[in-house]
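Structure first, then comments.
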Amino acid sequence: MKLNEQFIMDFLAFKAGRPLKIKDLAREMEISARDYSSFRGMVKSLLDSGRLVKLRRGRIGVPSELNLVVSHIAIQKRDHGTIVTDAGEVVPIDQAKLHTALDGDKVMVRVNKNRAGELEGTVLKVLERANKSFVGIFQRGKHFSTVIPDARKFRRNVYIPNALSKDAGDGERVVVTITLWEDPYRNPEGQIEEVLGKPGEQGVDLQTVIRSFNLPGEFSTRVLSDAKEAARLFNDEEIQRRRDFSSEVIYTIDPADAKDHDDAVSVSKTSNGYRLGVYIADVSYFVRPGTALEKEAFNRGNSVYLPGMVIPMLPEELSNDLCSLKPNRRRLVYAVLMDFSDRGRMLNWEIVEGVIRSRAKLSYEEVQEFFDGRPANSKIDRVADNLTVARELARLLQSQRMAEGSLDFDLPEPLIIMNKKGEIIEIGNRVRLESHRLIEEFMLAANKAVALHMSRLGLKFLYRVHDRPDLEKLEAFSYMMTTLGYKFPVSDKIKPLQFSRFLETIKGRPEEEFINELMLRSMKKAVYQPVNVGHFGLAFKHYAHFTSPIRRFPDLIVHRLLKKVKNRHYPVKFEKGLDTILTNIGRHCSDTERTAEAAEREAIKYKQVMFMSRKIGEHYRGVISGVLNFGFFVRLENIGVEGMIRLSTLDDDYYQYDEKHYRLVGRRTKRVLRLGDPVEVGVLAVDKVKNEIDLYLLDYDADKLQPEGEKPKKHRKHKRRERK
């Protein structure tokens with residue numbers, strides 16, 4: 001008998017067929033005195049991980065045989081939680097039965113059916129904390145102090161002995177670590193790990209986001225050493241092995257302040273139409289499997305872009321130098337060369353390792369000025385003819401993509417303009433230029449070609465997929481559209497083209513941006529996985545991420561997979577277990593992407609709140625973006641800021657919440673405030689601690705609502721500006 005943890009579990013579940021005390025289990029398994037210590041260690045490990053559970057009278061059982069489920073719990077704010085069983089069943093858990101579980105924790109749950117025959121759960125034990133550290137506001141007390149967590153899903157305040165407070169000041173934002181919480185009827189105990197500073201102080205907002213989302217810090221010495229070693233791989237022998245594109249007219253187009261240039265393009269006319277070359281930094285050549293550098297890149301999953309700072313996936317030695325496609329320097333690339341007809345249909349493609357020497361480093365603004373007919377600078381002059389042809393092709397590709405039903409939500413991207421000190425100068429929305437669309441179209445084409453190439457070979461691959469929307473969510477969206485006066489019929493066979501045509505009907509309407517966002521929310525999230533289900537939003541049957549390996553780990557993996565193909569096959573040893581590897585990579589990178597997006601949104605909101613704290617009393621136009629039973633949200637025009645108008649500020653009537661029609665209705669006046677309605681508002685108050693903005697409607701008595709000493713200011717138009 002080979003003693004291992006799986007054998008113990010199988011014996012207890014099937015051979016013994018009942019829970020046993022550890023000594024009885026050892027006796028039935030005929031464990032020798034020599035092996036008993038090792039056996040006890042394995043049982044303890046199984047108990048700690050939740051694969052076995054200790055029962056009331058000291059017996060040990062298998063959770064699945066006892067109506068118990070081990071899973072990660074999701075907490076919906078402060079109300080309740082849910083887990084998902086191995087069978088895919090969603091089990092709700094009432095607040096009173098959460099024990100000490102927090103969002104993301106690994107828990108053991110007893111699952112039963114209530115009188116209505118519905119599943120319900122009770123948390124018996126927290127097996128593993130998803131996070132032990134949290135960010136919150138410190139409140140000093142005489143004998144002990146308290147931290148009020150920022151996260152709304154954290155259900156309790158944390159008690160801090162004053163000796164473990166690190167001299168935090170009252171009202172300061174801190175990082176607290178939970179040291180003890182076993183009794184659900186008592187608050188957790190903890191200690192202060194770090195003092196971040198007062199809300200509103202310079203830099204505290206971004207540090208709050210970094211610590212709240214557990215974003216990575218500096219690279220370790222080992223990782224930086226690997227990056228330096230990787231630089232030595234760049235040699236003449238490797239350059240000679242690759243196809244030389246140095247004579248081609250190749251250039252990069254990026255934001256003016258970009259330092260990592262991972263894509264370059266070149267376009268020329270052919271007898272049949274066009275040839276597009278997309279040249280991507282060959283990061284996979286320098287980031288080798290098994291190195292500390294690769295492990296760190298995988299753990300990070302992607303770069304994170306916060307206002308005024310970047311948390312990179314790779315050290316700057318690679319991301320900003322060796323792998324960056326700087327002008328007039330030889331750089332290693334992975335190239336996709338695509339031929340298109342004169343109508344923009346892809347005819348064929350070739351994927352090759354190459355070497356380039358970029359002719360010019362261009363910004364989106366410079367290219368747009370050229371497209372708009374302004375005099376070209378010396379950099380543009382070097383590639384002007386190529387840019388003209390590129391513009392023709394990009395327009396054809398976009399036109400064809402839209403005709404096939406590809407969705408272009410064109411939601412505004414927030415813009416935060418700061419000075420060198422990190423102070424906010426202006427906020428607004430980025431202007432999406434034709435030059436942006438040009439690069440987008442070329443990257444989409446390259447990603448599509450790579451995915452189609454691997455699909456036709458029939459090889460395992462990491463796709464970027466966007467599954468069909470759930471019918472239930474579509475029906476909810478359709479109903480919401482009827483309340484706004486639009487028709488959007490749905491069915492389980494709905495196609496992207498129906499969405500695309502609907503978006504065309506609302507173009508230019510005041511509620512266009514709002515409806516675009518609602519439609520996006522009704523859809524599933526795009527993820528990485530080896531099973532190709534297509535990309536619904538793009539209306540592509542095949543799609544992958546290939547074009548940004550400096551900032552996305554999946555792109556790096558896609559490069560590595562492409563290089564492994566020899567004679568249309570992977571090596572047998574490499575292919576073994578590849579499906580599981582790609583599934584795990586895809587799941588992890590989908591998670592890190594969602595974390596990065598949430599952190600970026602939160603950081604932008606902090607900056608917006610900070611900016612609006614200087615705008616008390618100023619007036620803005622906006623659109624109602626959400627309706628609740630205690631008020632409604634308003635999205636401010638041109639600057640993307642969202643604030644709340646509370647019912648307590650509406651003194652002309654008593655307003656009732658009409659949940660069915662997403663609106664508030666005045667009981668006496670019958671005045672209706674509904675989703676999508678344009679309104680004019682003023683800034684009433686800003687809470688830097690809660691990160692909230694309170695607004696008021698302008699057709700009310702503004703003087704009553706102003707903080708003392710403040711007078712309403714006239715509406716000011718905010719110009720859209722690009723970062724310089």
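None of the values given here were measured: they were computed from a predicted structure.
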Polar side-chain atom of [X] near backbone of [Y] as donor-acceptor pair, under 3.5 Å:
| X | Y | answer |
| --- | --- | --- |
| D105 | V107 | no |
| D254 | S363 | no |
| S435 | Y364 | yes |
| R430 | L415 | no |
| E238 | N235 | no |
| Q202 | G422 | yes |
| E600 | Y305 | yes |
| H466 | K524 | yes |
| S590 | Y528 | yes |
| R288 | Y285 | yes |

Please examine the side chains of [Y] and [X], heavy atoms only from C-beta on, and report whether any two atoms are closer than 4.5 Å.
| X | Y | result |
| --- | --- | --- |
| K607 | L206 | yes |
| L457 | H569 | no |
| K448 | V336 | no |
| R129 | W181 | yes |
| Y251 | K361 | no |
| R51 | M9 | yes |
| I210 | M309 | yes |
| V558 | V450 | yes |

State, to 0.1 Å, how close [X] and [Y] come at their nearest heavy-atom pair, and which atoms those are.
| X | Y | result |
| --- | --- | --- |
| L314 | F219 | C-CZ, 3.4 Å |
| T291 | D226 | CB-OD2, 3.4 Å |
| L215 | A599 | CD1-CB, 4.0 Å |
| L224 | P315 | CD2-CB, 3.9 Å |
| V383 | A360 | CG1-CB, 4.5 Å |
| V84 | S71 | O-OG, 3.3 Å |

Between D263 and Y279, is the side chain to side chain contact (heavy atoms under 4.5 Å, CB included) condition met? List the steps.
CA-CA 6 Å; D263 58 83; Y279 309 89; over 6 Å; no

Assert yes or no for the condition that the ring centre distance of Y463 to H542 is strictly below 6.0 Å.
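Centroid distance Y463-H542: not below 6.0 Å, so no.
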
For this output row, return yes or no: ring centroids of H535 and F540 closer than 6.0 angstrom.
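No, they do not, as the ring centres are separated by 6.0 Å or more.
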
Look at [X] together with [Y] and state whether they make a salt bridge at an N to O cut-off of under 4.0 Å.
| X | Y | answer |
| --- | --- | --- |
| D321 | R331 | yes |
| R242 | E353 | yes |
| R560 | E294 | yes |
| D48 | K44 | yes |
| R241 | E237 | no |
| R432 | E413 | no |
| E193 | R211 | yes |
| D260 | R551 | no |
| K605 | E602 | no |
| K228 | E317 | no |

Point-to-point distance, once rounded to the nearest 0.5 Å, from [atom1] of [X] to [atom2] of [Y]:
| X | Y | atom1 | atom2 | answer |
| --- | --- | --- | --- | --- |
| K688 | E201 | NZ | CD | 9.5 Å |
| I356 | I280 | CD1 | CD1 | 9.0 Å |
| F546 | L462 | CZ | CG | 13.5 Å |
| I427 | I604 | CD1 | CD1 | 10.5 Å |
| Q368 | H436 | CD | NE2 | 9.0 Å |
| I557 | L562 | CD1 | CG | 11.5 Å |

Evaluate the criterion side chain to side chain contact (heavy atoms under 4.5 Å, CB included) for residue pair V147 and V174; output intermediate values, then yes/no.
CA-CA 8 Å; V147 172; V174 297; 3.9 Å; yes

Please say whether the positively charged group of K563, taken as NZ for Lys or CZ for Arg, lies over the ring of Y334, i.e. under 6.0 angstrom from the six-membered ring centre and within 45 degrees of the axis.
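Yes; both conditions hold, so K563 lies above the ring face of Y334.
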
Could you check whether [Y] and [X], counting side-chain N and O atoms only, form a donor-acceptor pair closer than 3.5 Å?
| X | Y | value |
| --- | --- | --- |
| Q529 | T583 | no |
| N302 | T592 | yes |
| S284 | D282 | yes |
| N691 | Y606 | no |
| T177 | S133 | yes |

As a quick check of understanding, evaluate side chain to side chain contact (heavy atoms under 4.5 Å, CB included) for L459 and Y570, giving each step before the final call.
CA-CA 8 Å; L459 298 177; Y570 289 135; 3.7 Å; yes

Evaluate F138 against R173 for side chain to side chain contact (heavy atoms under 4.5 Å, CB included), listing each step before the verdict.
CA-CA 6 Å; F138 183 81; R173 195 162 252 129; over 6 Å; no

Please say whether more than 12 non-hydrogen atoms of neighbouring residues, nucleotides or ligands are located less than 6.0 Å from CG in N4.
yes

Is atom CZ of R222 surrounded by more than 12 heavy atoms (other residues, nucleotides or ligands) closer than 6.0 Å?
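Result for CZ/R222: open.
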
Please verify the inter-ring angle class for F154 with F134; under 30° counts as parallel, over 60° as perpendicular, anything in between as tilted.
perpendicular

E350 vs R243, salt bridge (Lys or Arg N to Asp or Glu O under 4.0 Å): CA-CA, chis, key distance, verdict:
CA-CA 12 Å; E350 185 182 10; R243 187 183 299 185; 2.5 Å; yes

